[in-house]
Amino acid sequence: MTALHRKLGRLIGATLPDGRVVNVDMADGVVTSVSPATGVTGVGEDDLDLTGFLLLPAPAEPHAHLDKALSWDEIAPPMGDLGRAIDSWRAHSRTMTTESIAARATAALRTMLQAGTTAVRTHVDLLPGPEPLRGVEALTGLRDQVRHLVDLQIVALAAPDTPDATVHAALDLGVDLVGGAPHLAPDPLRDLDRLLAIAHERQVGTDIHTDENLTHEPTLGHYARRVRDWPAGRIRSAGHCVRQGTQSPQELAPTIEAVREAGIGVISLPVTNLYLQGWDHPVSTPRGLTALRAFLDAGVLVAGGADNLRDPFNPMGRGDALETASLLITAGHLTLDEAYDAVSTGARAVLGLPPAGAETGRAADFLAVRGANLAEVVAAAPAERRVIHRGVLVASSSVVHRSAF
Ligand SMILES: Nc1ccnc(=O)[nH]1
């Protein structure tokens, strides 16, 4: 059994997606060399034997809601669309304490880490009623606790009725980014502008739930034009962008150009949006994916995430980036390489993190999965995994398979 939280010097005998079998040396959380594995025998103290494992850049989750995760059973909400999910959550959240939120968030984050995700951006609701910052307290506390295991970013999700002062209070408590869902406001552009003004005043980035619907007037182009002149390096992300998936290429073209110019990262969330949209159409429904191909072809930064995890917004999900990658292929028609890139390198870029993986100079964040190649690993999502964060082994899962033939 390999000890956890062990600083590793070398990964031995790992298979890369291009078929090479390599050793990977690491120091100070960075890859220092990648060499053919031939002739190496014996596994030393600082080594990890990855014979039979596919070695991948670690996934990142660009859009989670850890404060809501794993609340489906407790809330027992009716199934339904975004509006119903919001109503169920808001009604029930009144009974939740900082401790109860932290307990579910911890369990969800542990599931993600065990699946291989070493960086997570989570939104946190600024709750209605008294004590709106219970979720913020829970998640900033969790971030401190797991600092050595996973990079955790927190976005304050301001509802249209959240006062500006509450957003400022969340920033004072240490959230990283300003977020919101302007498409839920009576005047979406006005709500978007007030969120951007707060972010600008506090000199932090934004991650906005953008156009999470199939029919409303799109707001993504406005967002892009407003942040175009922000300093380079200040995060500006757009989650969902569902409405853009319903637009014709002609309608979409100016928005895509504005998004590319503004450096907005677009985050597609198939695990949740395939559930949340399309309830009004009995068959052959338009669904909640963005215009993935059009954004990719234009050179826009695209990431894939899961969004909700077994809460009123999504009863399903296993907190595994391989599930998202699989859906990006099945439902989003990305290639295998594009899909894994969206949940790893693309997602890390959206988080403002340097690329990870088996190349000299890259961050030593890896997911090793028992399997022969990327197609098998994404399709079958084998449970046997090793997870490495900044050169440290942070999770390890074993399985025993038995069968009568
Ligand atoms: N898709 C979502 C929209 C708003 N809040 C959530 O938790 N999820």
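Everything numeric here is computed off the predicted structure, so don't read it as measured data. Both ligands and their constituent atoms are indexed starting at 1 by order of listing.
Of the heavy atoms in His209, only side-chain atoms (C-beta onward) come closer than 4.0 Å to ligand 1. Neither the backbone nor the side chain of Asp125 has a heavy atom within less than 4.0 Å of ligand 1. Looking at Leu82 against ligand 1, only its side chain comes within 4.0 Å, counting heavy atoms.
From the protein, the heavy atom lying nearest to atom 3 (C) of ligand 1 is Glu212 OE1, 3.2 Å. For atom 4 (C) of ligand 1, the closest non-hydrogen atom on the protein side is Phe313 CE2, 3.6 Å. At the shortest separation from atom 7 (O) of ligand 1 among protein heavy atoms lies Lys68 NZ, 2.6 Å.
Checked for salt-bridge contact, Asp47 and Arg6 miss the test: no charged N lies under 4.0 Å from a carboxylate O.
In this structure, Ile388 and Val394 have side chains that are not in contact, with every pair of non-hydrogen atoms separated by 4.5 Å or more. Residues Arg226 and Leu192 fail the side-chain proximity criterion, which asks for heavy atoms closer than 4.5 Å.
For residues 121-150, the set of pairs meeting the ring-ring contact (aromatic ring centres under 6.0 Å, His included) definition, not counting sequence neighbours, comprises His5-His148, His63-His123, His65-His123, His123-His209. Listed by first and then second residue, the side chain to side chain donor-acceptor pair (under 3.5 Å) pairs involving residues 174-190 are Arg143-Asp176 (not counting sequence neighbours).
At least one heavy atom of His240 lies less than 4.0 angstrom from ligand 1.
Looking at ligand 1, you'll find an N or O of Asp307 within less than 3.5 Å of one of its N or O atoms.
Remark: the backbone N or O of Leu322 is paired with a side-chain donor or acceptor of Asp320 at under 3.5 angstrom.
Interface atoms of ligand 1 facing Asn308, defined by a heavy-atom separation under 4.0 Å, are 1 (N), 2 (C), 6 (C), 7 (O), 8 (N).
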message: Test side-chain contact (heavy atoms from CB on, under 4.5 Å) on Leu152 and Leu66; report intermediate values, then the result.
response: CA-CA 11 Å; Leu152 185 58; Leu66 292 178; 3.9 Å; yes
